[in-house]
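Each residue takes its place number in the sequence, starting with 1. Numbering of ligands and ligand atoms starts at 1, following listing order. Keep in mind that what you see is a predicted model, and the values were worked out from it rather than measured.
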Amino acid sequence: MANKMWGGRFSSGPAQIMEEINASIGFDQRLHAQDIAGSKAHAKMLGAKGILTKADVKEIIRGLNQVQSEIASGDFKFSRSLEDIHMNIEQRLKDIIGEPAGRLHTGRSRNDQVATDFRLYIRDCLDMLDGQIGSLQKALAKNAEKYADVIMPGFTHLQTAQPVTFGHHMLAYVEMFARDRSRLADARKRMNENPLGAAALAGTSFPIDRYMTSRELGFDRPMRNSLDAVSDRDFVLETLSAASISAMHLSRMAEELVIWSSSQFKFVSLSDKFSTGSSIMPQKRNPDAAELVRAKIGRIFGALTSLTMVMKGLPLAYSKDMQEDKEPAFDAIDSYSLALAAMTGMVKDLKPNKDILRQAATNGFSTATDLADWLVRVLGMPFRDAHHVTGSLVAVAEKKNVDLSDLSLEDMQKVEPNITKEVFKVLTVEASAASRTSLGGTAPKNVAREAKRWLKKLG
Ligand code: ARG
């Protein structure tokens, strides 16, 4: 049997395999709320412009409300032979209200319909993600406040570099996630334009009011070019690229948690809620949640690549290829959202192991820069000379297998006779961290202040 929606010129129905490759209802049914909202806005506008009678509009709205509750209660039967969410809903509307259902599609096409639905969906996702990243930032900032003075090693090249504070490390991620939110907010601003009314590709001869549907659907304005309106998927691509950058941050953090929770580092303990055991090795405690966050991030990069590949060869305007925009985007946003939730849970329960962190911070001559700075400040040495003297002192300490602060004054004076015992004040990891009071530095007092500022800002 030919398709009921567009089968006028067809004498037979599609091949089984055609139906399989063509249908999108399996995945686009999740656009049902947006599709119904778009249809209601369109119907109301058609009524206001006298294109449909008030009575028809009333029936359409009543029918759409019923469809909505049938979908909500799980009573709705999605049918693959009706291809997609748009035709499934329209057909059901017809079953419920009869003839007026056929008037809903006046001055509209599935091309502007799907563009509208997907924009509304992505806009909801952007709002949801913004809230989720905000919760993660809050959890991080709370830890920063709590552990503002917990000393840990700061790394470059994953080699101990200088002492930092655990709170400072937490706040580094708060900054990254703030940029991520601003990128997503920027994408939201640009994407919030209405494609509805572009119809198939050329606009329509009906006297529609696109400002009215824009207002109704919360769009800032109608899109200005009908060809662009139906063929644009920049809003998905921008969301996926902003999400990719953010996902990369999430993955770096997950990687740190994997390293930090290992028995080699033991920097932090993850709670039981976010760890798993091994079925064979009873001693194991694995950071599976962190590993899965790290791995799931790949799907987001994958979706961005997949959609750029779909779009790059398409002539204007709509091509069916564009139906392939949804599955990767859904999967990417689901994964990203899940990863954010898991990371927030892990961060909330995270316990730094203070003694181990402090011990690790003293390894690797992490206060060597403080010694060099002291030579500059107190003895007036040029920094390059101070660097050289400090290097020699590190070599002495290394030979004796002790830390810089464990060298005797005589040891020091053998290398630089003007050194006094005052130098020992700057050689502890606490003194080192406390001295880093420059803007953006790791001093506990800076960190406490920044954490407070963030917590106030995050509300
Ligand atoms: N299911 C389609 C999609 O997701 C809807 C648009 C169909 N338009 C068409 N001309 N066949 O892209």
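- Between the side chains of Arg30 and Tyr121, at least one donor N or O sits under 3.5 Å from an acceptor N or O.
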What are the atom names and distances for all N or O pairs under 3.5 Å between ligand 1 and the protein?
| from | atom 1 | to | atom 2 | distance (Å) |
| --- | --- | --- | --- | --- |
| ligand 1 | 1 (N) | Ser24 | OG | 3.2 |
| ligand 1 | 1 (N) | Asp84 | OD2 | 3.0 |
| ligand 1 | 1 (N) | Gln323 | OE1 | 2.8 |
| ligand 1 | 4 (O) | Lys326 | NZ | 2.5 |
| ligand 1 | 8 (N) | Asn111 | OD1 | 2.9 |
| ligand 1 | 10 (N) | Asn111 | OD1 | 3.1 |
| ligand 1 | 12 (O) | Tyr318 | OH | 2.4 |

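- Contacts of Lys40 classified as side chain to side chain donor-acceptor pair (under 3.5 Å), with partners at least two apart in sequence or in another chain: Asn65, Gln68.
- Shown here are the side chain to side chain donor-acceptor pair (under 3.5 Å) partners of Thr116, two or more places apart in sequence or in another chain: there are none.
- For the pair Arg358 and Glu430, the salt-bridge criterion is met [side-chain N within less than 4.0 Å of a carboxylate O].
- Taking the side chain to side chain contact (heavy atoms under 4.5 Å, CB included) definition, one finds that Ala202 meets it with nothing, sequence neighbours left out.
- Shortest non-hydrogen contact noted between Leu458 and Gln137 is CD2-OE1, 3.4 Å.
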